[in-house]
Amino acid sequence: MLSGWGEQGLLLLLALLANTLSALAGGGSGLLQLPVLLFLGLAFPVALATHKIASVALGIGATLRHLRSERINWRFALFILAAGLPGVWLGTQLILQVPEAWARAALGLLTLGLGIYSWRRPALGQVADLRNTHRAGLLIGGGALFLIGMLNGSLTSGTGLFVTLWLVRWFGLDYTRAVTYTLILVGLFWNGTGAWFLAQQAPVRWDWLPALLLGSLMGGYLGAHLALKHGNRLVKRSFEVLTVLVGAKLLFDAWPLLMAGAPA
């Protein structure tokens, strides 16, 4: 294990890379950040709580950049918060009740499916076509956001990607605008809520957080800048790559546990 400045430099580089990709694609920072924290020797609960706190800085960095783009409808933003935050809280309470292997396998298959779904629809999310803003549409859309919030509170990989595609598919946002909402509301508020409750249940590696927070802040800003500069095509391709990688990683992690006879 590295120590001192070498350790802090590695953590900074890791957080910068993971969160730049996440801010560009609309989620998935846990794909790189959480596994490396585990590899560096942290127990899973400690790594999860530490990663969750650090990921809040991704939302701050992305917010600083996206607020300049004037792409935010604050009434819609409050709707996403109201629908998702109760689910996030519930997810943090249920995390110990769900068999980890089956949860990761199911989430992996769903995430992989997101990438394939988007890839097979070249026009998806390239042009905004707002819809389902009537009462029934908002009720269904909010229910789905509540369920995604539960996943966000209990499992850390890929849930921002779910929100991004749901905003594109159900509400008709283009990819760049959907990522704006995801990074601000999920990255900052959903993750902040999850981090608060997880920190009550597991210890945090506080001496690693300065490097992780700085890398997440810088990566969030840089990824948001690239998304706004290069537009929907790059964001869509990044989303598809990240969903496939995240889904494959979740399935890879779940397979040994399933073969060992994890309880259903």
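Residues: numbered from 1 along the sequence shown.
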In terms of hydrophobic clustering (I, L, V, M, F, W, Y; side-chain heavy atoms under 4.5 Å; direct or indirect links), are [X] and [Y] co-clustered?
X	Y	result
L213	V56	no
Y117	L161	yes
L10	L212	yes
F76	F162	yes
F189	I60	yes

Original post:
Looking only at atom types and distance, does a side-chain atom of R131 sit under 3.5 Å from a main-chain N or O of R169, one as donor and one as acceptor?
Top reply: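 Judged by distance alone, yes, a pair lies under 3.5 Å.
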Which heavy atom of [X] sits nearest to which heavy atom of [Y], and what is that distance?
X	Y	value
L138	F79	O-CZ, 3.3 Å
A49	V204	CB-CG2, 4.0 Å
R205	L42	NH1-CD2, 3.8 Å
A23	G220	CB-O, 3.5 Å
Y175	Q126	CD1-NE2, 4.1 Å
F171	N132	CE2-O, 3.5 Å

Please report the interatomic distance [atom1]([X]) to [atom2]([Y]), rounded to the nearest 0.5 Å.
X	Y	atom1	atom2	value
L58	I184	CG	CD1	11.0 Å
L130	D174	CG	CG	8.5 Å
L167	I148	CG	CD1	8.0 Å
I80	T182	CD1	OG1	7.0 Å
Y181	L173	OH	CG	6.5 Å
W206	I53	CH2	CD1	4.0 Å

**OP:** Can you sort out the partners of A211 under side-chain contact (heavy atoms from CB on, under 4.5 Å), two or more places apart, ordered by chain and number?
**Re:**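 A211 satisfies side-chain contact (heavy atoms from CB on, under 4.5 Å) with Q8, L11, L12 only.
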Which donor-acceptor pairs under 3.5 Å do the side chains of residues 14-21 make with protein atoms, sequence neighbours left out?
unit_1	atom_1	unit_2	atom_2	d
N19	ND2	A15	O	2.7
N19	ND2	Q33	OE1	3.3
N19	ND2	S216	OG	3.0
T20	OG1	L16	O	2.7

Original post:
Which residue pairs pass the salt bridge (Lys or Arg N to Asp or Glu O under 4.0 Å) test with at least one member in residues 212-232, sequence neighbours excluded?
Top reply: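 Output for this query is empty, none listed.
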